[in-house]
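A short worksheet on the structure shown next.
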Amino acid sequence: MTPETTNVLLDRAPRRRTMEQGMSLVEVLIALGIMAGVLISVASLFILGGQRVKGGRDMTQAVAVGADILEELNSIGGNTLAETMPDCCTPNCDTSTGCNVDSRTDSFASVQWQPWIDQELFQGYAEITLTPVGGSTTPPTFDTAEGLRLSVEIFWTEGTSQRSVVQETVEF
């Protein structure tokens with residue numbers, strides 16, 4: 001082999017990368033693409049986590065509002081409770097076997113609880129159901145019942161979904 005042939009063979013031989021050589025543009029672009037994909041995935045987890053935290057906060061607020069409404073209803077007392085809400089004793093409490101009260105329309109509930117619900121929950125409202133239980137007549141009326149079932153359902157909007165939570169108690 002002549003020196004010229006040796007130089008030609010060395011030129012055609014694959015060159016090994018030394019420590020001083022950098023990365024090619026293709027390698028840099030591939031690394032940036034992989035890193036961008038990972039960062040986008042992590043960022044979406046933060047967004048999803050934030051939505052879950054807000055949903056949990058709204059649920060907690062709804063439970064707190066419902067519990068407070070039930071406590072206030074219990075403090076009013078069974079016999080006078082139906083008379084307190086105008087929609088319950090229509091035409092009168094002697095014949096009424098229960099009622100549903102909407103905090104957006106009932107004159108007592110709209111003043112008592114709706115402002116607080118508006119403050120805590122987006123497009124929120126409460127439906128309060130009073131049902132007489134037990135007693136000497138069938139079906140029991142507010143005047144003849146031994147007890148009163150109180151049910152409070154809180155509704156609110158979360159994103160595009162309507163959410164609700166129900167709390168109930170029986171007062172004797």
Side-chain angles (χ1 to χ4, degrees), residues 33-172:
I34 291 171
M35 189 171 71
V38 169
L39 289 176
I40 289 172
S41 298
V42 170
S44 67
L45 290 175
F46 279 106
I47 292 169
L48 184 62
Q51 291 172 343
R52 298 289 185 228
V53 167
K54 184 187 178 317
R57 185 198 71 83
D58 288 347
M59 180 68 75
T60 302
Q61 287 301 109
V63 169
V65 168
D68 283 351
I69 291 173
L70 276 178
E71 286 176 18
E72 285 187 44
L73 292 173
N74 281 330
S75 70
I76 292 172
N79 292 343
T80 60
L81 185 57
E83 296 165 357
T84 304
M85 295 187 211
D87 292 347
C88 284
C89 289
T90 305
N92 59 43
C93 286
D94 295 342
T95 59
S96 183
T97 59
C99 69
N100 292 326
V101 173
D102 190 318
S103 66
R104 297 169 296 183
T105 57
D106 182 76
S107 59
F108 175 76
S110 65
V111 171
Q112 190 74 13
W113 299 301
Q114 190 59 44
W116 186 37
I117 296 170
D118 288 338
Q119 178 183 346
E120 300 296 331
L121 299 166
F122 180 67
Q123 294 180 346
Y125 64 96
E127 286 185 359
I128 300 138
T129 304
L130 306 176
T131 309
V133 291
S136 58
T137 62
T138 305
T141 64
F142 285 119
D143 285 344
T144 63
E146 293 176 356
L148 187 63
R149 174 173 291 145
L150 309 171
S151 175
V152 176
E153 186 167 10
I154 307 293
F155 295 90
W156 73 97
T157 301
E158 189 175 293
T160 58
S161 303
Q162 179 80 17
R163 305 283 312 268
S164 69
V165 64
V166 178
Q167 295 181 338
E168 291 185 332
T169 188
V170 177
E171 178 183 295
F172 288 97

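Note that the numbering runs from 1 along the sequence shown for the chain.
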**Request:** Assess whether side-chain hydrogen bond (donor to acceptor under 3.5 Å, both in side chains) is satisfied between Gln61 and Trp156, documenting all intermediate values.
**Result:** CA-CA 10 Å; Gln61 287 301 109; Trp156 73 97; over 6 Å; no
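The number of heavy atoms from other shown groups lying within 6.0 Å of CZ (Phe46) does not exceed 12.
Rounded to the nearest 0.5 Å, atoms CZ (Arg57) and NZ (Lys54) are 5.5 Å apart. Interatomic distance, OG1 of Thr129 versus CD of Glu153, reported as 8.0 Å (0.5 Å rounding). Atom CZ of Phe172 and atom CZ of Arg149 lie 8.5 Å apart (nearest 0.5 Å). Here Gln51 contributes atom CD and Glu158 contributes atom CD; the two are 9.0 Å apart, rounded to the nearest 0.5 Å. Once rounded to the nearest 0.5 Å, the distance linking CG of Asp68 with CD of Gln167 reads 9.0 Å. Note: Asp58 CG to Glu120 CD = 9.5 Å, rounded to the nearest 0.5 Å.
In this structure, the side chains of Ile76 and Phe108 come closer than 4.5 Å at one or more pairs of heavy atoms. For the pair Asn100 and Glu127, the minimum side-chain heavy-atom distance is 4.5 Å or more. Considering only heavy atoms from C-beta on, Ile69 comes within 4.5 Å of Ile154 through its side chain. At least one side-chain heavy atom of Trp116 sits under 4.5 Å from a side-chain heavy atom of Val65. In this structure, Leu150 and Val152 have side chains that are not in contact, with every pair of non-hydrogen atoms separated by 4.5 Å or more. At least one side-chain heavy atom of Tyr125 sits under 4.5 Å from a side-chain heavy atom of Gln114. Phe155 has its side chain out of reach of Leu121: every pair of non-hydrogen atoms, C-beta onward, lies at least 4.5 Å apart.
Smallest separation of non-hydrogen atoms from Gly124 and Asp118: O-OD1, 3.7 Å. Across Ala145 and Pro140, no two heavy atoms sit closer than the pair CB-CB, 4.2 Å. Of all non-hydrogen atoms in Glu171 and Leu73, the two that sit nearest each other are OE1-O, 4.2 Å. What you find for Ser151 and Val166 is that their closest heavy atoms are OG-CG1, 3.9 Å. Listed here is the closest heavy atom pair of Leu148 and Pro132: CD1-N, 3.9 Å.
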